[in-house]
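Okay, so here's the structure we're looking at.
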Amino acid sequence: MANASRDTVYAPLRLPILYDTLQRLVGGGRDRADFVRTHVALQPHEKVVDAGCGTGSALEFLPAVNYFGFDPNPDYIRAARARYGSRGEFVCGDASSPRARELARDADAFLSLGVLHHLSDEQIGEILGLARSCLRPNGRFIFYEPCFSANDDWIGRIFMRLDRGGNIKTDQAWRGLVSEYFATVEEWIRRPVYLFRYTIQALIARNPREP
């Protein structure tokens, strides 16, 4: 699907109520929540950065952490502040925003949950670069993205090609990209996920490399 057509078709999802409704209908949050609870095991009061936080729905499954989320969509940020303003801080901006970069410092965990495939390669590099620079020495980068792989469900592969985000990569490409920024990468492949039977690649990356 061409980018212009994709943007037109999915434009209504920029409205928080429609975005959240679709996520609930397709089960968009359940597997993410299960992965984070099972494999990340965040502790209360840890500092967590949520890149592309959307409407802040990750707070539904996070413990009482020190939370900071950022997203370039002002409508999403307004919705996040209205619902979860007492549990964290939200900034409208992207990874190049000075305010976002300031608030992300000294994080214990940096979440990127289904965000990167919506971005250009340059923007993906900005997110990964921010994660590398802002994490504490023992911090971890949490990656959760759809991917194309050798054993995809054929229905899932069709829907991934039609996804709102136009930059879904192969599992090898995602793993190689994250490995450019972090020396240690653990990997899980989860399929089929969601109503649309996606293949999901989940990574926990540690030990940031020198820029």
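Keep in mind that the numbers below use all heavy atoms, side chains included, and drop hydrogens, waters and symmetry copies. Residue numbers count from 1 along this sequence.
- In the hydrophobic cluster analysis, where Ile, Leu, Val, Met, Phe, Trp and Tyr join through side-chain heavy atoms closer than 4.5 angstrom, I124 is grouped together with V185.
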Do L195 and F159 pass the side chain to side chain contact (heavy atoms under 4.5 Å, CB included) test, and can you show the C-alpha distance, the side-chain angles, and the key distance before you say yes or no? CA-CA 10 Å; L195 177 65; F159 278 112; over 6 Å; no

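- The backbone N or O of G139 lies less than 3.5 Å from no partner atom in the side chain of D108, so there is not a single donor-acceptor pair.
- Defined by atom type and a distance below 3.5 Å, a donor-acceptor pair is missing between the side-chain atoms of S149 and D171.
- Under 3.5 Å, the side chains of S120 and Q123 contain a donor-acceptor pair of N or O atoms.
- In this structure, D121 and K169 approach most closely via the heavy-atom pair OD1-NZ, 2.8 Å.
- At least one side-chain heavy atom of C53 sits under 4.5 Å from a side-chain heavy atom of I77.
- Within the 3.5 Å criterion, the main-chain N or O of D106 finds a donor-acceptor partner in the side chain of R136.
- Counting only distance, with no hydrogens or angles, the side chain of E89 and the backbone of F68 share no donor-acceptor pair below 3.5 Å.
- Here K47 contributes atom NZ and C134 contributes atom SG; the two are 7.5 Å apart, rounded to the nearest 0.5 Å.
- For residues 99-134, the set of pairs meeting the ring-ring contact (aromatic ring centres under 6.0 Å, His included) definition, not counting sequence neighbours, comprises F110-F141.
- Residues G54 and A80 approach most closely at O-CB, 4.1 Å, considering heavy atoms.
- Between the CZ atom of F143 and the CZ atom of R175 there is a distance of 10.0 Å, given to the nearest 0.5 Å.
- Side-chain contact between F196 and I155 is absent, with no heavy atoms from C-beta onward closer than 4.5 Å.
- V48 has its side chain out of reach of N66: every pair of non-hydrogen atoms, C-beta onward, lies at least 4.5 Å apart.
- A cation-pi arrangement is absent between R30 and F35 under the rule of less than 6.0 angstrom and at most 45 degrees off the ring axis.
- The backbone N or O of L119 lies less than 3.5 Å from a partner atom in the side chain of N167, making a donor-acceptor pair.
- Under a hydrophobic-cluster definition in which Ile, Leu, Val, Met, Phe, Trp and Tyr are linked whenever side-chain heavy atoms come within less than 4.5 Å, directly or via other members, L177 and L130 are assigned to the same cluster.
- Between A107 and V49 the shortest heavy-atom distance is CB-CG2, 3.7 Å.
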Apply side chain to side chain contact (heavy atoms under 4.5 Å, CB included) to T199 and F148, showing your working. CA-CA 7 Å; T199 297; F148 294 114; over 6 Å; no

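- When all heavy atoms of P72 and C92 are compared, the pair lying nearest together is O-SG, 3.6 Å.
- Considering R140, H39, R206 in turn, R206 is the only one that fulfils the side-chain hydrogen bond (donor to acceptor under 3.5 Å, both in side chains) rule with E186.
- Checked by atom type and distance alone, the side chain of R87 never pairs as donor or acceptor with a backbone atom of A64 at under 3.5 Å.
- No hydrogens or angles considered: nothing links the side chains of S97 and D94 as a donor-acceptor pair under 3.5 Å.
- Residues Y198 and D153 bring no donor and acceptor atom of their side chains to less than 3.5 Å of each other.
- Under a hydrophobic clustering in which Ile, Leu, Val, Met, Phe, Trp and Tyr are joined whenever their side-chain heavy atoms come within less than 4.5 Å, directly or via other members, F182 and V115 fall into the same cluster.
- No donor-acceptor distance shorter than 3.5 angstrom exists from the side chain of W174 to the backbone of I168, with no hydrogens or angles considered.
- Residues M160 and D152 form a side-chain contact, since some pair of their non-hydrogen atoms from C-beta on lies under 4.5 Å apart.
- Counting only distance, with no hydrogens or angles, the side chain of R209 and the backbone of S179 share a donor-acceptor pair below 3.5 Å.
- One N or O on the side chain of R191 and one on the backbone of N151 form a donor-acceptor pair closer than 3.5 Å.
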Applying side chain to side chain contact (heavy atoms under 4.5 Å, CB included), run through Y84 and F90 and close with a yes or a no. CA-CA 9 Å; Y84 307 109; F90 297 92; 3.9 Å; yes

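- In terms of modelled atom types and a separation under 3.5 Å, the side chain of Q43 and the main chain of A41 share a donor-acceptor contact.
- The two residues A95 and R101 have their closest heavy-atom pair at O-NH1, 3.0 Å.
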Test side chain to side chain donor-acceptor pair (under 3.5 Å) applied to Q201 and Y144, step by step: CA-CA 6 Å; Q201 184 177 26; Y144 181 100; over 6 Å; no

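- Hydrophobic clustering of Ile, Leu, Val, Met, Phe, Trp and Tyr side chains at less than 4.5 Å, counting indirect connections, unites L111 with I204.
- You'll find the side chain of E145 stays beyond 4.5 Å of the side chain of I200, heavy atoms only.
- A 4.5 Å side-chain heavy-atom check between D50 and F70 finds every atom pair outside the cut-off.
- I127 approaches A51 most closely through the heavy-atom pair CD1-CB, 3.8 Å.
- Hydrophobic clustering (ILVMFWY, side-chain heavy atoms < 4.5 Å, transitive): L135 and L42 are in distinct clusters.
- Between the CZ atom of R83 and the CD atom of E60 there is a distance of 9.0 Å, given to the nearest 0.5 Å.
- Judged by distance alone, the side chain of D71 and the main-chain N or O of N73 form a donor-acceptor pair under 3.5 Å.
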List the steps and the verdict of side chain to side chain contact (heavy atoms under 4.5 Å, CB included) for L128 and E126. CA-CA 6 Å; L128 291 170; E126 289 177 350; over 6 Å; no

